Protein chains: 2
Amino acid sequence: MTATPAPRVTIKDVAARAGVSKGAVSLAFNHKPGLSEATRERIFEAARELGWAPNLTARTLAGSRVDVVGLAICRPARLLGLEPFYMEFISGVESVLTEHSCSLLLRLVRTVEEEVALQETWWRGRQIGGSILVDFRTDDPRVAAVERLGMPVVAVGHPSLTGALTSVWTEDATAVTEAVRYLAALGHRRIARVGGAAALGHSSMRTAAFDRTARALELAGAWQVATDYSGEAGARATRSLLTAAPADRPTAIVYDNDIMAVAGLSVAAEMGLGVPDDVSLLAWDDSQLCRLTHPTLSAMSHDVHGFGVEAARTLFGVIMGEGPGSHPVPTPVLTPRGSTAPPKV
Amino acid sequence: MTATPAPRVTIKDVAARAGVSKGAVSLAFNHKPGLSEATRERIFEAARELGWAPNLTARTLAGSRVDVVGLAICRPARLLGLEPFYMEFISGVESVLTEHSCSLLLRLVRTVEEEVALQETWWRGRQIGGSILVDFRTDDPRVAAVERLGMPVVAVGHPSLTGALTSVWTEDATAVTEAVRYLAALGHRRIARVGGAAALGHSSMRTAAFDRTARALELAGAWQVATDYSGEAGARATRSLLTAAPADRPTAIVYDNDIMAVAGLSVAAEMGLGVPDDVSLLAWDDSQLCRLTHPTLSAMSHDVHGFGVEAARTLFGVIMGEGPGSHPVPTPVLTPRGSTAPPKV
DNA sequence: AACGTTTTCTTAACCGGTAAAGTCTCTATC
DNA sequence: GATAGAGACTTTACCGGTTAAGAAAACGTT
């Protein structure tokens with residue numbers, strides 16, 4: 001990619017027009033002391049006339065601030081578009097960045113290793129002032145890499161996964177337990193969970209919590225399926241869970257996001273099973289989608305937008321030099337709607 | 001935001017370690033001729049040992065390529081998270097950028113004017129090599145601004161809105177006409193459209209096309225409602241359309257995106273109206289969502305991911321110096337599913 | 001009037017690269 | 001044996017800002 005020729009106006013032109021030196025223009029534009037009001041005004045006037053604004057690249061190189069933060073997401077591009085979670089999370093991040101006139105550098109990567117390399121390039125190249133790291137896995141290589149680089153980041157994930165990095169996280173295990181307890185309290189004894197990719201740390205934590213709770217409650221049946229979070233995978237998982245004989249199949253299913261829950265809903269309908277009469281469904285994340293289906297979806301609800309806001313705020317804190325910290329955001333809360341009820345039996 | 005102190009290794013260190021000059025290192029890393037294989041190898045070795053990678057900021061300033069493209073979206077952050085369209089579009093863009101080791105600089109803005117200022121800052125500051133412009137309105141100020149700057153962009157919008165800019169677009173008017181004709185062919189005489197914001201160019205083009213087609217077909221009733229694309233707005237619009245007496249209300253509704261169609265579906269259910277028996281619904285964009293509802297949603301279907309791919313490819317073309325051009329992508333095609341049928345009457 | 005302070009502005013070095021022009025060595029040619 | 005040309009580097013001048021150090025003018029003091 002080459003730059004196209006364009007008559008760029010630089011600080012020198014402004015200086016010439018205002019009849020001062022480059023340095024003076026720099027002082028004016030950084031609101032630093034050492035200039036009279038008159039010259040200051042003259043400089044701004046000249047800049048306005050020429051339509052000049054400081055070149056951020058040069059400014060960055062010269063060693064001042066960087067007004068970009070990075071976000072690399074390690075999922076296939078196609079799946080990403082379907083996940084309401086990320087877009088909502090990003091919109092929360094953006095709303096904070098915008099306040100700081102800061103932009104988001106976004107990149108999809110294929111592997112964690114690729115992400116490590118990318119973050120290093122970004123940081124070394126002063127492309128970013130810090131990064132938001134997501135989708136932690138157990139023994140995530142980013143923890144060590146980032147510490148080695150001394151790069152400011154916020155880790156979106158449970159502290160047990162993010163090492164000494166400042167983290168923003170939700171208490172997933174508690175939420176899973178609450179979800180299962182709720183279904184059990186309704187009378188369900190055979191409960192399934194359609195989860196995310198096993199490699200993801202938060203997914204495996206949910207898996208463990210589900211197991212623990214199922215044992216503690218002495219459920220008669222407990223299934224877990226790993227998926228890629230897509231609607232298709234959710235549909236497939238639901239179909240295979242529900243094809244068992246009525247006495248052997250789950251009477252309640254918990255999903256790890258809401259797109260899979262919506263898919264599960266239509267699979268139930270297609271199989272002639274009533275929701276919540278024959279099977280109860282419980283979604284996760286609770287985007288607007290859950291209120292748009294029929295029946296409406298009960299869900300473990302949390303404020304994903306607010307999650308993004310908190311992540312961005314925390315990152316700014318780290319960049320400003322705050323020490324490492326742990327920032328839990330509210331645990332998803334159960335929001336019962338039309339898709340959960342006691343089993344008919 | 002200030003940079004944290006970190007011992008950065010620069011080209012000078014590598015040069016010293018390899019026992020050559022800065023220039024030689026630069027030649028090696030840009031794969032330019034003029035170095036023996038031996039030195040080249042020695043330089044890479046030194047770089048590897050020191051963990052050095054070229055500083056992109058410096059490289060950019062020195063006047064070579066810029067491996068970032070910009071995308072500013074002018075919608076409230078909260079609404080954005082709910083729109084499957086953008087995330088899917090972005091994922092298409094990303095998939096092309098990734099091939100070129102290029103990142104996306106994303107920013108939400110409040111107004112077009114703010115976007116003009118931002119694009120100018122980005123471009124002047126060499127932050128980006130080009131931009132993808134979306135959400136064109138009539139007499140969009142970006143057209144003139146971008147031409148003045150001589151900045152490479154691809155305009156996602158109908159050529160009638162994007163002036164002389166290279167554009168990537170879908171023939172919305174044709175699609176609207178097809179949608180209405182299809183419903184009319186099914187026997188519907190009272191048809192409504194729940195559209196997007198009136199200020200958006202493509203929305204007003206759809207409005208005009210709907211009007212024209214309604215008149216041409218001499219429909220007995222034709223309504224249009226402008227919304228902000230949110231599910232809530234779609235629900236509200238649907239509710240108000242369907243509260244009229246059975247003989248006066250629409251028997252078919254076309255939506256401008258699929259989230260509103262899903263919302264419409266649940267409003268119909270809540271009002272005790274059968275879909276498609278009492279009212280037919282037709283969605284737009286056709287994300288996975290349309291196949292997950294019950295009944296499944298008929299939709300004007302297009303490949304949004306592919307749309308993003310084409311936009312990114314075209315932008316690379318412009319950056320490489322291709323002249324202005326117009327790149328239509330396939331017109332959305334009607335995909336009948338379970339939500340449309342002849343009116344019961 | 002001489003002198004120390006401020007205030008205001010200029011100079012010049014630097015950030016970390018790129019690239020055009022220059023230097024030096026080695027080989028081929030007549 | 002002088003000359004030219006190619007190959008392998010080095011030098012040096014930017015890119016467009018920031019910033020520490022320096023200089024000139026304005027001011028208050030004694």
Side-chain angles (χ1 to χ4, degrees), chain A residues 1-43 46-47 50-67 121-127, chain B residues 1-43 46-47 50-67 121-127:
Chain A
M1 231 203 275
T2 56
T4 50
R8 309 213 183 220
V9 22
T10 77
I11 197 173
K12 224 192 275 179
D13 305 313
V14 177
R17 194 169 220 298
V20 296
S21 69
K22 297 201 306 175
V25 178
S26 178
L27 288 180
F29 266 77
N30 290 302
H31 302 104
K32 297 207 171 171
L35 288 182
S36 69
E37 260 323 304
T39 13
R40 211 174 276 276
E41 194 39 60
R42 203 148 37 82
I43 290 171
L50 294 173
W52 177 81
N55 179 322
L56 297 182
T57 304
R59 202 177 239 190
T60 299
L61 184 57
S64 54
R65 77 225 114 296
V66 178
D67 48 6
T121 307
W122 276 351
W123 173 246
R124 282 239 158 86
R126 294 247 198 168
Q127 299 253 101
Chain B
M1 234 203 273
T2 54
T4 49
R8 308 213 183 224
V9 23
T10 77
I11 198 173
K12 224 191 280 180
D13 305 313
V14 177
R17 194 171 222 299
V20 296
S21 69
K22 294 202 308 174
V25 179
S26 178
L27 287 180
F29 267 77
N30 289 302
H31 302 105
K32 297 205 172 172
L35 288 182
S36 69
E37 261 322 306
T39 353
R40 212 174 275 277
E41 195 38 62
R42 205 147 36 82
I43 290 172
L50 295 173
W52 178 80
N55 179 321
L56 296 183
T57 304
R59 199 177 240 190
T60 299
L61 184 57
S64 54
R65 79 224 115 295
V66 177
D67 49 6
T121 306
W122 275 351
W123 173 244
R124 282 238 159 88
R126 295 248 199 164
Q127 300 253 101

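Please read all numbers here as calculations on a predicted model, not as lab measurements. Lettering follows sequence order; numbering is per chain, from 1.
- Summarising the geometry of B/Val25 relative to B/Val14, their closest heavy-atom pair is CG1-CG1, 4.1 Å, with the distance given to 0.1 Å.
- Looking at B/Thr60 and B/Gln127, their side chains never come closer than 4.5 Å, going by heavy atoms from C-beta outward.
- By the salt bridge (Lys or Arg N to Asp or Glu O under 4.0 Å) test, A/Arg42 is found to be paired with no residue, residues two or more places apart in sequence or in another chain being considered.
- Under the 4.5 Å side-chain criterion, counting only non-hydrogen atoms from C-beta, B/Thr10 is not in contact with B/Asn55.
- Comparing D/dG17, C/dG17, D/dT11 by their nearest atom to the side chain of A/Asn55 picks out D/dG17.
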Output a table of nitrogen or oxygen pairs between the protein and nucleotides 20-24 of chain D separated by less than 3.5 Å.
none

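- A donor-acceptor contact shorter than 3.5 Å is absent between the side chain of B/Asn30 and the backbone of B/Lys32.
- The nearest pair of heavy atoms linking B/Ala15 to B/Lys22 is CB-N, 3.8 Å.
- Summarising the geometry, the separation between NZ on B/Lys32 and P on C/dA20 is reported as 7 Å, rounded to the nearest angstrom.
- Backbone-only engagement by B/Val20 is indicated by non-hydrogen atom pairs under 4.0 Å involving sugar-phosphate atoms exclusively.
- B/Ser36 meets the side-chain hydrogen bond (donor to acceptor under 3.5 Å, both in side chains) test with B/Thr39; sequence neighbours excluded.
- Put simply, A/Asn30 has a side-chain N or O that comes within less than 4.0 Å of OP1 or OP2 on D/dT18.
- Residue contacts shown for B/Lys22 include a base, since a base heavy atom lies under 4.0 Å away.
- For DNA chain D, the residues of residues 34-43 of chain B within the heavy-atom distance limit of 4.0 Å (strictly under) are B/Gly34, B/Leu35, B/Ser36, B/Thr39, sorted by number.
- For the atom pair OG of A/Ser21 and CG of A/Leu27, the computed distance is 7.5 Å after rounding to the nearest 0.5 Å.
- Residues passing the salt bridge (Lys or Arg N to Asp or Glu O under 4.0 Å) test with A/Arg17, sequence neighbours excluded: A/Glu49.
- Heavy atoms of B/Thr10 sit under 4.0 angstrom from primed sugar atoms or phosphate atoms, though from no base atom.
- You'll find that the side chain of A/Ser21 is closest to C/dT11, out of D/dG17, C/dG17, C/dT11.
- With a 3.5 Å limit on both pairing distances and Watson-Crick or G-U wobble geometry required, the stems of 3 or more pairs in DNA chain D span C:1-30 with D:1-30.
- Side-chain contact check for A/Val20 versus A/Leu35: every heavy-atom pair is 4.5 Å or farther apart.
- Take the nearest nucleotide of DNA chain C for B/Ser26 and for A/Gly19: the residue whose nucleotide is more 5' is A/Gly19.
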